[in-house]
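Structure, as structure tokens:
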Amino acid sequence: IPSARTVNDKTFKIIVFSAIVLAVFGLYWPSLQNGFVFDDEQIVINNSQVTSLKNIGKAFTSCIWEPHLETCYERSNYYRPLHTLSIMLALSLSKGFINSTNPFLFHLFNIIYYIIFSWLVFILLNRLFQNRLASILGTAIFVFHPLHAESVMWISGLPELLMGIFIIWAFLVHDSDRLARRRWLAGFLFFLALLSKETAIALIPVIIIYDYFSNRINNYNSDPVGR
């Protein structure tokens, strides 16, 4: 592999993306042989709500546990419509291509989502550190960290992956265009993160703190007299 300092930016990113794909598949390809476990049985196999894409509207008016709990308002604090839609899509594709409810496609989706998540982490670190080696090391720690194994290998761990994708994407858009026209896009991506998992709300204080300190740093760097 060429030295990170000797390749142009486009080639460097292609190399990193390829490495992420190989690393993630190298780590998690055994999960493609896994079955449905624990909550997967209720969320995927025995869930009338996700059996057809005709139920898309219901994904936004109920929760994925409604067929089992009878009501979402008193017995569940889950409102994750993008999770429901992703399960619907995977189930429809599984029945369309394999003609059965096969866990393979669900596990493959999780691996693909994790690749996207990891790539966005690299983009974020590369922007924050502005140092290729630091961004590579940070991304490697993220990809190989065992904390993420459950979210990738467990079908029902999907909300964490979806939320992670959208909050980092929202942060990147916000950071690249804070005062211009694309601010609405950052808000929309944040909204999608909330529809994936409610803990995405933590992005708000993160952005407030980041903006505060980055503005102070920028003001300090632009004012040599005040140093």
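These values consider heavy atoms only, across backbone and side chains, with no hydrogens, waters or symmetry-generated copies.
Among residue pairs with one or both ends in residues 101-124, none qualify as salt bridge (charged side-chain N to carboxylate O under 4.0 Å, His left out); sequence neighbours excluded. Each salt bridge (charged side-chain N to carboxylate O under 4.0 Å, His left out) pair with one or both residues in residues 151-168, not counting sequence neighbours, appears once here: Glu160-Lys197. Pairs passing the salt bridge (charged side-chain N to carboxylate O under 4.0 Å, His left out) check and including a residue from residues 55-65, sequence neighbours excluded, do not occur.
Take Leu85 and apply the side chain to side chain contact (heavy atoms under 4.5 Å, CB included) test, not counting sequence neighbours, and it matches Ile56, Ala59, Phe60, Leu82, Met88. By the side-chain hydrogen bond (donor to acceptor under 3.5 Å, both in side chains) test, Thr11 is found to be paired with Asn8, residues two or more places apart in sequence or in another chain being considered. For Ser156, the side-chain hydrogen bond (donor to acceptor under 3.5 Å, both in side chains) partners two or more places apart in sequence, or in a different chain, are Asp40. Residues that satisfy the side-chain hydrogen bond (donor to acceptor under 3.5 Å, both in side chains) test with Ser151, not counting sequence neighbours, are absent from this structure. A search for side chain to side chain contact (heavy atoms under 4.5 Å, CB included) contacts involving Gln42 returns Trp65, His68, not counting sequence neighbours. Not counting sequence neighbours, the partners of Ile204 by the side chain to side chain contact (heavy atoms under 4.5 Å, CB included) test are Phe190, Ile201, Ile208.
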Task: side chain to side chain contact (heavy atoms under 4.5 Å, CB included) between Ile111 and Leu32, worked out - done: CA-CA 9 Å; Ile111 290 176; Leu32 296 174; 3.8 Å; yes
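Minimum interatomic distance between Gly35 and Pro103 (heavy atoms only, all atoms of both residues): CA-CG, 3.8 Å. Of all heavy-atom pairs between Asn110 and Leu161, the closest is O-CD1, 3.5 Å. Taking all atoms of both residues into account, the shortest heavy-atom contact from Leu91 to Thr51 is CD2-CA, 3.8 Å. Of all non-hydrogen atoms in Ala186 and Val173, the two that sit nearest each other are N-CG1, 3.8 Å. The heavy-atom pair separating Asn131 from Ala134 by the smallest distance is OD1-N, 2.9 Å.
Counting heavy atoms from C-beta outward, Val50 and Asn55 have side chains that stay 4.5 Å or more apart. Side-chain contact check for Leu158 versus Phe109: every heavy-atom pair is 4.5 Å or farther apart. Annotation: side chain of Tyr79 is not in contact with side chain of Leu194 (no heavy-atom distance under 4.5 Å). Put simply, the side chain of Glu198 does not reach to within 4.5 Å of the side chain of Met163, judged on heavy atoms. Contact check for Leu162 versus Arg80: no side-chain heavy atoms found under the 4.5 Å cut-off.
Grouping the Ile, Leu, Val, Met, Phe, Trp and Tyr side chains by contacts below 4.5 angstrom, directly or via other members, places Val152 with Ile112. Hydrophobic clustering, with ILVMFWY side chains joined whenever heavy atoms are under 4.5 angstrom apart, groups Ile168 together with Trp184.
A donor-acceptor pair under 3.5 Å is absent between the side-chain atoms of Asn102 and the main chain of Ser94, judged by distance alone. For the pair His148 (side chain) and Phe142 (backbone), a donor-acceptor distance under 3.5 Å is present.
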Table please: side-chain donor-acceptor pairs of residues 12-30 below 3.5 Å, with sequence neighbours left out.
unit_1, atom_1, unit_2, atom_2, d
Lys13, NZ, Asp9, OD2, 3.4
Ser18, OG, Ile14, O, 2.9

Atom pairs and distances, donor-acceptor, side-chain atoms in residues 115-130, under 3.5 Å, two or more places apart:
unit_1, atom_1, unit_2, atom_2, d
Ser118, OG, Tyr114, O, 2.8
Asn126, OD1, Ser135, OG, 3.4
Arg127, NH1, Leu172, O, 2.7

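Other residues, nucleotides and ligands contribute more than 12 heavy atoms inside 6.0 Å of the CD atom of Glu41.
Through chains of ILVMFWY side-chain contacts below 4.5 Å, Phe38 is grouped with Val37, Trp154.
Separating the CD1 atom in Ile45 from the CD1 atom in Ile155 is a distance of 8.0 Å, to the nearest 0.5 Å. Atom CG of residue Asp211 and atom CD1 of residue Ile207 lie 7.0 Å apart, to the nearest 0.5 angstrom.
Using bins of under 30°, 30° to 60° and over 60° for the plane-to-plane angle, the ring pair Phe171/His174 lands in the tilted bin.
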